[in-house]
There are 2 protein chains.
Amino acid sequence: MRLAGGTSYPGTELRVIDILLADDQELVRTALVALLELEDDFHVVATVGRGDEVVSAVERTQPMVVLLDIEMPGLDGISAAIEVHRHYPNCRIIMLTTFGRPGYLRRAMESGASGFVVKDAPAATLAATIRSVAEGRTVVDPVLAGEALSIGQSPLSPRESEVLGAFRHGAPVAEVAAHLHLSEGTVRNYLSSAITKTGTKNRASALLRAEELGWLSSP
Amino acid sequence: MRLAGGTSYPGTELRVIDILLADDQELVRTALVALLELEDDFHVVATVGRGDEVVSAVERTQPMVVLLDIEMPGLDGISAAIEVHRHYPNCRIIMLTTFGRPGYLRRAMESGASGFVVKDAPAATLAATIRSVAEGRTVVDPVLAGEALSIGQSPLSPRESEVLGAFRHGAPVAEVAAHLHLSEGTVRNYLSSAITKTGTKNRASALLRAEELGWLSSP
DNA sequence: CCTCGCGCATGACACTTGTCATCATGAATT
DNA sequence: AATTCATGATGACAAGTGTCATGCGCGAGG
């Protein structure tokens with residue numbers, strides 16, 4: 001069965017695409033395998049539930065395409081993509097994630113990914129993306145791509161996004177300052193400029209906005 | 001094929017369980033359908049992507065079991081469960097969610113659900129839960145049930161959790177006070193006691209803790 | 001070379017938050 | 001009838017937070 005994309009004529013032999021799937025939720029992972037295996041030109045050769053298991057699984061199974069969720073324990077999807085791309089540059093990577101954060105998209109593509117699909121997309125989109133990417137093309141959800149271009153990249157300096165991100169657990173300034181080996185004043189200055197640049201009025205909303213745009217560095 | 005649970009002998013006729021699936025992410029929804037349809041005693045009669053479409057879909061298709069994600073646009077899963085349970089008390093409900101918030105579990109069961117499965121669980125667990133629930137039993141992940149019992153219910157008064165929840169978007173006190181038609185002082189008092197009861201030091205961490213335990217009222 | 005941006009720091013100031021004491025009301029218990 | 005308790009309010013005070021001016025050193029680019 002084919003959900004979308006590609007062409008196959010009677011008598012044409014099928015080129016099976018070997019896929020590795022990385023997603024932290026077991027049920028979703030298994031379900032996606034069931035979905036992908038409905039296509040007769042897809043074959044899932046391995047699945048992993050942690051980012052830090054991706055590279056060794058790629059080594060073992062040599063898949064053609066790797067589907068990577070961004071939110072994963074151990075190692076996030078972007079970092080995993082960088083690792084895979086460094087060791088196996090011929091291996092195609094598709095990011096598959098819940099949120100279409102424009103900043104994520106940019107970093108994903110810079111990390112060596114060839115495709116970006118949100119979990120809100122229909123199954124046909126995923127199938128079509130896998131086939132296109134396997135053939136060497138680069139595929140990004142057009143809506144997302146437009147958003148990413150219109151919003152542009154993060155206005156936050158690396159340090160600003162690092163400091164802002166350090167407040168994700170609601171710690172007070174003093175703790176964050178100690179943790180980053182900075183003075184409290186410095187932390188408040190970075191915070192202040194991050195608040196200004198995000199167009200918000202306090203750290204909490206700055207954090208929310210930065211997060212929804214994918215402007216925060218490493219989790 | 002059967003992943004787990006139940007018994008079937010050669011010659012025994014199969015009782016097919018009609019299922020309605022509600023999940024906001026199209027890809028996950030489709031994938032879960034593919035997974036469930038692998039079982040020859042499951043049949044997915046309808047899927048919806050919004051909480052406020054659940055009841056009418058139940059009316060139309062009269063499923064035996066409803067699988068409800070908690071996070072959904074339109075109407076959250078718990079409220080949807082209450083509606084379904086009121087109109088169709090014979091229809092069995094299973095909550096299927098990303099997080100095992102103990103508070104969610106409690107409210108889910110009070111809302112008339114018969115089962116609670118986290119998306120981290122293996123597919124066999126879901127299948128077994130569906131079969132058990134269809135036969136009239138009540139099934140809750142034992143780990144989760146233990147947690148819920150050990151933590152107990154929310155110590156926050158309804159008003160406290162409402163006020164605390166109003167800070168989810170990072171608004172300052174003045175705005176929240178205006179929005180809730182309260183004086184600023186009152187808001188700060190509720191906030192203060194919520195902070196105390198969650199054992200935290202500021203509203204941000206109070207919010208995080210309350211959220212992770214499922215202590216906040218309506219989204 | 002010299003400016004510009006970034007990283008880092010200090011100190012001062014105004015404003016926001018968190019805590020506490022106190023008080024009033026109405027509903028539910030005892 | 002007395003007590004408890006959630007709701008709602010005020011005022012005062014201490015901490016925490018956000019802004020700004022100012023300073024220094026460094027590296028990249030005009």
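Per chain, numbering begins at 1; letters A, B, ... match sequence-line order.
Environment of NE2 in A/His87: crowded, with over 12 heavy atoms of neighbouring residues, nucleotides or ligands closer than 6.0 Å.
A donor-acceptor contact under 3.5 Å is formed by the side chain of A/Asn189 with the base of D/dC20.
Residue B/Ser157 is in sugar-phosphate contact alone, with no base atom involved, counting any heavy-atom pair closer than 4.0 Å across all strands shown. Residue contacts for B/Thr186: at a heavy-atom cut-off of 4.0 Å it reaches a base atom on one of the strands shown. Within the 4.0 angstrom heavy-atom criterion, only backbone atoms of the sugar-phosphate kind lie near A/Arg159; the bases stay farther away.
Checked by atom type, the side-chain pair A/Ser192/A/Asn189 shows no donor-acceptor distance below 3.5 Å.
The side chain of B/Ser183 lies closest to D/dT10 when the candidates are D/dT10, D/dG18, D/dT19. When each of C/dT17, C/dG18, D/dT17 is scored by its nearest atom to the side-chain atoms of A/Arg203, the top-ranked nucleotide is D/dT17.
Remark: P of D/dT17 and NZ of B/Lys201 are 10 Å apart, rounded to the nearest angstrom. Following rounding to the nearest Å, A/Leu164 (CG) and D/dT17 (C1') show an atom-to-atom distance of 14 Å. Rounded to an integer number of Å, the gap from CZ of B/Arg188 to C1' of D/dA12 is 10 Å. Between the CG atom of A/Leu182 and the P atom of C/dC6 there is a distance of 17 Å, given to the nearest Å. Rounded to whole angstrom, the span from the CD atom of B/Glu160 across to the P atom of C/dG18 amounts to 14 Å. For the pair A/Leu156 CG and C/dC6 P, the computed distance is 11 Å after rounding to whole Å. Rounded to whole angstrom, the span from the CG atom of A/Asn202 across to the P atom of D/dT17 amounts to 11 Å.
One finds a salt bridge joining B/Glu162 and B/Arg159 here, because a Lys/Arg side-chain nitrogen approaches an Asp/Glu carboxylate oxygen to under 4.0 Å.
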